[in-house]
Every structure is written in structure tokens, then in C-alpha cells.
Protein chains: 2
Amino acid sequence: MGDNPSPPAAGEGKRGTEGHLGYLLRQAATAYRQRMEKALADLGVTAPQFTLLTMLNAYPGLSGADLARIALVTPQTVSVILANLERANLIRRTPHGRHGRILQAALTPAGQQLLIEARERVHALDPGLRAGLTPRDEAVVRQWLATVAQISPDEDFQLFSR
Amino acid sequence: MGDNPSPPAAGEGKRGTEGHLGYLLRQAATAYRQRMEKALADLGVTAPQFTLLTMLNAYPGLSGADLARIALVTPQTVSVILANLERANLIRRTPHGRHGRILQAALTPAGQQLLIEARERVHALDPGLRAGLTPRDEAVVRQWLATVAQISPDEDFQLFSR
DNA sequence: GGGATAATATCAAAGCTCGAATATTATATC
DNA sequence: GATATAATATTCGAGCTTTGATATTATCCC
């Protein structure tokens, strides 16, 4: 390695609370996502797949375009994940009755079964996410996260136009 | 789309401050990363590339393994990004004098030049990241992010062993 | 009805990310 | 010194993600 001035260890200096806010945000999200992937690995499901399964469980019949809007990713991304989920027999897609192009997705029984187990593992990570947060502090954090998430890159997209 | 019970819009119900903390974290990080990519797009540099450039600017001579530890990503990931940066002539890698296998990376003049402009754009996003945060709240948020980031998936990795 | 506009889904290319495996070089142990 | 262990870098395969492009189907407007 470099034997120049040593970078600070995690949690110290620029790598701790002193750091750039965006950098801290990325670090936290990365660390949490990795814990999540690890918890789900032996179920053969990824974090993004879990996210879509959860959404489809709550709102069956959503289209790929719908899911893309909710999940803040592109329709192309959703398309890939849905294809993988369908191949694994965790979801099924059926053409919408009246609207020709739309494919409505829903969990298969296998998908529902797996989601139950997966949700349990993900929820087990929650305590680590609240580490030493008072209820008031948690409210602050929630408010901040929601605000940062809400400011969309193109501010004018429309959800569920009808 | 599905004409079943409509999902809440962004910022409402489960998609707002009521949502799962991990889900909120992912949303915020995704939104911020997208804004960052957009700000950097016409410079021909990606967000992960910007991250490594910033680290190499602060600590020239780091190895790929070093960068991986600092950035909380795998050596494989760093390897890919460094290869792309080298191909774009933004960094250079030279073998370490005494330690045979190690490649030390450092910014080229072009890399330094580009980083100046890139940093300016990324810093321009800061106000949106502080949206309505009092200094005290910001401290709470920073503390929380650092804590979440610090809890590593395998808790026993060693930074800069010597 | 017919043509323009918009929405949906998908393909392709590029980049990021990880787990697994491999080759090379240091270091530790005997 | 010889062997075992560890660290570094890389290749491979799979999945996620984006931008750009294309085909299909609804909808809007005249």
C-alpha cells in the first residue's frame, strides 16, 4: 500500500461525522445494502428483487412502468429484475384486460412464500438501523431522508396519472 | 397500470416519513446518486469514478486494495473503476518500489484538472442535502449515518494493517 | 376516422457491483 | 532455506443500473 499520510479509519475524521454529507449518505446506504444482500443470499434473492416483491405484495397488478416510478429507477431496470423474478417463478405477468400493452405483475404462491421468510430476515436488521436513536432523533432522520429522496432529478414526473 | 388500491405518492404514507427506515435510506441515496450522475454526466465521469478520484487526490499512492477498504466496496469493483480511469488517462498506476505486487495509483494532470470542475458541480448539490436542517439536526443525521455505515457486514476487517 | 402524441415494454451498450476462483508476490513459521 | 499463510491484482459470471433507440398500443385532437 501507499506509505504516505495514512487515510483516517472508518468513523474518524473525514470518514466519520466530519465527512461530506453526500459521502456519508452513500457509505450508510452501501453498508446497509450489503448487510441486506448477505441476509438474503441463501434465499437466492437480491435486494432489488426483494424490493419489487414487497411492492407487488402490497399492490398486486402494478405494471413495470408503475414499479419504476415508485422505486425511483428506470423502466429498463425494472424490466430486467422482473424478467429474473419471472424466470425464478416468483412472479407472473398477465396482459391487462382493456389496455393492450400493459403487463400486470403479481406474486406467485412461491413468491409469497419466499417473501415471508425474506421479510423476516430484513426486519431482523432493523435494530442496527435504529442504533442509539431516540424517537425524536428518528423523526429527524426520517424527515431528512424523505426530503432528500423527494427532490427528484427531473422535478416534473407524474405518478399514476389516473 | 393496475387499477387496484393506488400506491401512495412519493412523500406520503409508506413512501414518506412513515416508511421503513431502510427503504427510506435506499431512496435517499438513490436520489442523491442520480442527481450526482446528472451533474457529472457531460464531464464524462461517473459518480464512483469521482469518488475514487477524490480519494486519490487526498491520498496519492493508494493501492487498489486500500481504496477498496476505504470506499467499502470490493477489490474487484475498484479494479474495474481504476481500469476505466486509467483508460481515460485520469490516473496512472506504478508498481510499488519494494512491495512487488502492489500498484500505486495517482491522478494525472488531466485527472487533477477534471476533479476541480467535478468537485464544483458536486458541491453545488450540497444545499439540497441540507434542506431545512438546523445545525443540531445535521449533527444528529451525521451521527446516524456514520453509525449505520460503521457496522460492517463482517465486523473484523483491518484497515491499513501497518 | 385519421394523424399526432404519449405511454408501455423491450433491446443494446456501457458501467458498477458482488462472489468465486486464480496467479503472483510477501510474510511468517519452522 | 523450505513451506505455509496472507495480501494483491485480476478474470469470470451474474445481476443491477443508466442512456439511447425501437416497436407496439392508447389516447387526444381535428
Side-chain angles (χ1 to χ4, degrees), chain A residues 1-2 26 29-31 33-38 40-42 44-52 62-69 71-88 93 95-105 153-154 157-162, chain B residues 1-2 26 29-31 33-38 40-42 44-52 62-69 71-88 93 95-105 153-154 157-162:
Chain A
M1 70 160 109
R26 169 184 165 276
T30 297
R33 197 203 64 237
Q34 283 174 6
R35 274 178 266 167
M36 197 163 153
E37 298 276 11
K38 223 145 207 160
L40 295 174
D42 65 288
V45 70
T46 68
Q49 287 170 2
F50 172 76
T51 301
L52 289 199
L62 289 181
S63 69
D66 289 332
L67 289 166
R69 280 184 287 256
L72 297 188
V73 294
T74 63
Q76 293 94 320
T77 299
V78 170
S79 192
V80 170
I81 305 175
L82 285 182
N84 287 334
L85 286 174
E86 197 168 30
R87 177 161 45 78
R93 280 186 288 182
H96 187 116
R98 299 188 307 284
H99 306 70
R101 204 82 217 289
I102 295 179
L103 293 179
Q104 294 189 288
D154 37 324
F157 73 124
Q158 199 68 10
L159 264 180
F160 310 103
S161 30
R162 47 186 212 79
Chain B
M1 74 165 103
R26 170 185 163 277
T30 297
R33 198 202 64 237
Q34 284 174 7
R35 272 178 268 167
M36 198 164 152
E37 297 278 10
K38 220 143 210 164
L40 295 174
D42 66 287
V45 71
T46 68
Q49 287 170 2
F50 172 77
T51 301
L52 289 200
L62 289 181
S63 69
D66 290 333
L67 289 166
R69 281 184 287 257
L72 297 189
V73 294
T74 63
Q76 296 94 318
T77 299
V78 170
S79 192
V80 170
I81 304 175
L82 285 183
N84 287 334
L85 286 173
E86 196 168 30
R87 177 161 45 80
R93 280 186 288 182
H96 187 115
R98 299 188 307 284
H99 307 69
R101 204 79 218 290
I102 295 179
L103 293 179
Q104 294 190 290
D154 38 323
F157 74 124
Q158 198 69 7
L159 264 180
F160 309 103
S161 29
R162 50 188 207 80

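Residue numbers start from 1 in every chain, and the chains themselves are labelled A, B, ... in the order their sequence lines are given, proteins ahead of strands.
- Considering every non-hydrogen atom in both B:A29 and A:A29, the closest pair reads CB-CB, 3.3 Å.
- Look at CD on B:Q104: it is 17 Å from P on C:dT25, rounded to the nearest Å.
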Could you go over nucleotides 20-22 of chain C and give all protein N or O partners under 3.5 Å, atom names and distances?
residue : atom : partner : partner atom : Å
C:dA20  : N6   : B:Q76   : NE2          : 2.7

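- A heavy atom lying under 4.0 Å from DNA chain C marks the following residues of residues 79-87 of chain A, by number: A:S79.
- B:Q49 comes within 4.0 angstrom of sugar-phosphate atoms only, judged by non-hydrogen atoms across all strands, and of no base.
- A:P48 and A:E37 make their closest contact through CD-OE2, 3.9 Å (heavy atoms, listed as atom of the first residue, atom of the second, distance).
- Considering all non-hydrogen atoms of both residues, A:Q49 and A:G44 come closest at OE1-O, 4.0 Å.
- D:dG15 atom P lies 19 Å from atom CD of A:Q34, rounded to whole Å.
- Taking only distance into account, the side chain of A:R101 never meets the base of D:dT25 through a donor-acceptor pair shorter than 3.5 Å.
- In this structure, CG in B:L72 is found 6.5 Å from OG1 in A:T30, a value given to the nearest 0.5 Å.
- The CG atom of B:L67 sits 11.0 Å away from atom OG of B:S79, with the distance rounded to the nearest 0.5 Å.
- Taken to the nearest 0.5 Å, the CG atom of A:N84 stands 7.5 Å off from the OG1 atom of A:T46.
- Heavy atoms only, all atoms of each residue included: A:F50 and A:V45 are closest at N-CG2, 4.1 Å.
- A residue-by-residue look at A:A65 and A:T30 shows that A:A65 has its nearest nucleotide of DNA chain C further toward the 5' end.
- For the pair A:L72 CG and D:dT18 P, the interatomic distance rounds to 9 Å; values are reported in whole Å.
- Straight-line distance from the CD1 atom of A:I102 to the P atom of C:dA6: 17 Å, rounded to whole Å.
- The CZ atom of A:R87 lies 12.5 Å from the CG atom of A:L82; values are rounded to the nearest 0.5 Å.
- The 5' end of DNA chain C is approached more closely, in terms of each residue's nearest nucleotide, by A:P75 than by the other of A:P75 and B:T46.
- Going from atom OG1 of A:T51 over to atom CE of A:M36 covers 4.5 Å, rounded to the nearest 0.5 Å.
- Nucleotide C:dT8 holds its C1' atom 13 Å from the CG atom of A:L67, rounded to whole Å.
- In this model, the phosphate group of D:dT19 is not approached by any side-chain N or O of A:T74 to a distance below 4.0 Å at OP1 or OP2.
- Considering only side-chain N and O atoms, A:R93 lies under 4.0 angstrom from the phosphate OP1 or OP2 of C:dT10.
- Rounded to an integer number of Å, the gap from B:F50 CZ to C:dC16 P is 14 Å.
- Here the shortest heavy-atom pairing between B:A47 and B:R33 reads CB-CG, 4.4 Å.
- Across the protein-nucleic acid pair, B:H96 atom NE2 and C:dA26 atom P stand 10 Å apart, rounded to whole Å.
- Atom CD of A:E37 and atom P of C:dT17 are 13 Å apart (whole Å).
- Note on A:T77: a side-chain N or O is less than 4.0 Å away from OP1 or OP2 of D:dT18.
- In the set C:dT8, C:dC16, D:dC16, C:dT8 carries the atom at the smallest distance from any side-chain atom of A:R69.
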